Amino acid sequence: MHNLKEIRKDFEAFKKSLEKRSIDVDLNKLKNLDKENRELIQKKEKLEKEKKDISKSKDKSLFAKSKEISLFLEKITDEQKSTKDDLEKILSKIPNVPHKDVPMGKDEHDNVEVNKSGKIPNFDFIPKSHYELGENLGMLDFDLATKTTGSRFVFVKNKLAMLERALSNFMLDIHTSKNGYEEISPPLLASENTMFGTGQLPKFENDQFEVKLEEGTDRKFLIPTAEVILTNIVKDTIVDIKSLPLRFVASTPCFRKEAGSYGKDTKGMIRQHQFYKVELVSIVEQTKCLEELERMTNCATNILDLLELPYRKMILCTGDMGFSAEKTYDIEVWLPSENKYREISSCSSCSTFQAIRMKTRYKSHDKETVYAGTLNGSGLAVGRTLIAILENYQQKDGSVTVPKILRPYMNNLEKISLN
RNA sequence: GGAGAGAUGGCUGAGCGGUUGAAAGCACCGGUCUUGAAAACCGGCAAAGGGGCAACUCUUUCCUGGGUUCGAAUCCCAGUCUCUCCGCCA
């Protein structure tokens, strides 16, 4: 969320900075509501002061007047409250402003490649897709998931289930022992307020799975990413600056409705309603966001290096960035069957955008209370890593070689095959 | 599910109708002392919002939302959460 005070300082500049992003918000209305709101506040405070003075004076002759003021004050207060609500409603739906480094663009076609890494495998046969490989091995079962649950779910079985588990453990080990992240096993449900904090609500309610609970109780949502729950660890707190940066990692299932992506990636497990992801979250001093973004992205690509998977790093253009981000790198892994790179990680700096929503602050070195910076990134999406391994490590006979670094996590298994 | 107890500043914790934004302690910051540090002593230290170029000033906030009152952290009602005991399930 944006700081109204900052917006006010230079409204035109703010307006301009958002032109790069596709937004459906009436910024002029925002400006007017802000003005109206402040006028009402002044009126209100004047009355409150009057009332307070009377009560302090303990002058009985003025008590009746105070009562009168109360009545009027009630009206003004209601009016101010509803103006404030309208204001917040608009404000909460405005996306973060892109950082200057971010290239202008409309959609994913305008993203810019930063670098490539790894060797694209050369096959002397036509490489199969991950779902062909998985189904032939009898270790990916989409039909079974349709039977028990519905579309966009999958059963991962046998050695591939083991591989999935190995991937999680491997990634967690690297991030905790080498990259300084603290491992967390968090709740998978988040409250409405938590979802608001990271920006999933109110604008993207349609993408979320809400859990049906008893009437009258607080709403709860299945987390679409561990980012939500890990970032909100510092919700409503003034963090000790000495404890920064905070770095958390978790491997959790993620749940997404994927509304609006009907017909997209319907085959295979690229786009599922449920998938495992190892998520990295950093809470930093607001001046250190971009520095941390580079670090975090390196933590993610390091996993691909270790797995010896070819990838490229992209910087997202203004039109393709997520709601809360000021700058985002996508890491895309090579998928032989599609003959192209596909997203396997997304690392974003959210500047103070989420911190303002969550009320996460710290005392800066010059003793000011300021908002923290938050970052999140996948390190990596486990399901898609599984796909990448299947496709890049496939053999002519339909078996799959286990990447060397994972073998210790799989009883030294070297090959996944039918037998 | 039944019975109690509680929710106060970064933390611990007093206050139970009127200069209480809130005692005290810890933590933190500044100073004296010290070769340096520790200790001791002195001083400072909440957040959000409004007005002002600024010094500064005003308002709100003691879980949340209502109510009583000229006046509420303090009284009443509703809700949320936490803890203890019993039951139930793991």
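This is a predicted model, so every value here is computed, not measured.
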### Message
Hydrogens and angles aside, do N96(A) and S324(A) bring a side-chain donor and acceptor to less than 3.5 Å of each other?
### Response
no

### Query
Distance between the C1' atoms of C77(B) and G21(B), in whole angstroms?
27 Å

### Query
Quantified in whole Å, what is the C1' atom distance between nucleotide A24(B) and nucleotide U61(B)?
22 Å

### Task
Examine A48(B): is either OP1 or OP2 under 4.0 Å from a nitrogen or oxygen in the side chain of K5(A)? Give yes or no.
no

### Query
Which residues, if any, of residues 58-67 of chain A bring a heavy atom under 4.0 Å of RNA chain B?
K58(A), F63(A), S66(A), K67(A)

### Query
Can you tell me if N3(A) and Y371(A) form a side-chain donor-acceptor pair at under 3.5 Å?
no

### Message
Just to be sure I understand the rule, does K81(A) reach a base, reach only the sugar-phosphate, or reach nothing, if contact means heavy atoms closer than 4.0 Å?
### Response
sugar-phosphate

### Message
Just to be sure I understand the rule, does K44(A) reach a base, reach only the sugar-phosphate, or reach nothing, if contact means heavy atoms closer than 4.0 Å?
### Response
nothing

### Task
Assign T369(A) to base, sugar-phosphate, or nothing according to its heavy-atom contacts below 4.0 angstrom with the strands shown.
sugar-phosphate

### Task
Quick one: look up who U12(B) pairs with, Watson-Crick or G-U, both distances under 3.5 Å, and put none if it's unpaired.
A24(B)

### Query
What interatomic distance, in whole Å, is found between C1' of A73(B) and the corresponding atom of U20(B)?
9 Å

### Message
In whole Å, measure the gap between the P atoms of A5(B) and A90(B) for me.
### Response
32 Å

### Summary
Closest to the side chain of I54(A), out of U59(B), G51(B), C70(B), is C70(B)

### Query
Taking the same atom, C1', in G44(B) and in C26(B), what whole-Å distance lies between them?
16 Å

### Task
Run the salt-bridge test on E391(A) and K128(A) with the 4.0 Å N-O cut-off and return the result as yes or no.
no

### Query
Mapping I41(A) and E48(A) onto RNA chain B by nearest heavy atom, which one lands closer to the 5' end?
I41(A)

### Message
Need to verify one output field. Residue with the more 5' nearest nucleotide on RNA chain B, S70(A) or K52(A)?
### Response
K52(A)

### Under 3.5 Å side-chain donor-acceptor pair for S399(A) and S417(A)
no

### Query
What integer distance in Å separates L73(A):CG from U60(B):P?
9 Å

### Message
Within the 4.0 Å heavy-atom criterion, would you say K46(A) contacts the bases, only the backbone, or no part of the nucleic acid?
### Response
nothing

### Query
Separation of K9(A) atom NZ from C53(B) atom P, in whole Å?
14 Å

#### Entry: Rounded C1' spacing from A22(B) to C45(B) in Å
15 Å

### Any Y131(A) side-chain heavy atom under 4.5 Å of F142(A) side chain
yes

### Task
Could you please name the partner base of A7(B), counting Watson-Crick and G-U wobble pairs only when both distances are under 3.5 Å?
U80(B)

#### Entry: Below 4.0 Å: OP1/OP2 of G52(B) and any side-chain N or O of R38(A)
no

### Test item: side-chain donor near acceptor, K327(A) and S348(A), under 3.5 Å
no

### Task
Take the protein atom CD of E192(A) and the nucleotide atom P of U64(B), then report the distance between them rounded to whole Å.
18 Å

### Query
In the strands shown, is A40(B) matched to any nucleotide by a Watson-Crick or G-U wobble pair with both distances under 3.5 Å, and which?
U32(B)

### Query
Taking atom C1' in both C42(B) and G17(B), what distance in whole Å separates the two?
37 Å

### Message
Would you measure the distance from the P atom in G67(B) across to the matching atom in U74(B) and give it in whole Å?
### Response
14 Å

### Name of the residue among K415(A), E414(A), Q395(A) meeting side-chain hydrogen bond (donor to acceptor under 3.5 Å, both in side chains) with T401(A)
Q395(A)

### Message
Using a 4.0 Å heavy-atom cut-off, does K359(A) contact any base of the nucleic acid, only the sugar-phosphate backbone, or nothing at all?
### Response
nothing

### Min side-chain heavy-atom separation K220(A)-E210(A) under 4.5 Å
no

#### Entry: Donor-acceptor pair between E227(A) and Q354(A) side chains, under 3.5 angstrom
yes

## Note on the structure
If pairing means Watson-Crick or G-U wobble with both distances under 3.5 Å, then the partner of A72(B) is none

### Task
Select base, sugar-phosphate, or nothing to describe what K363(A) touches, counting heavy atoms under 4.0 Å on all strands.
sugar-phosphate

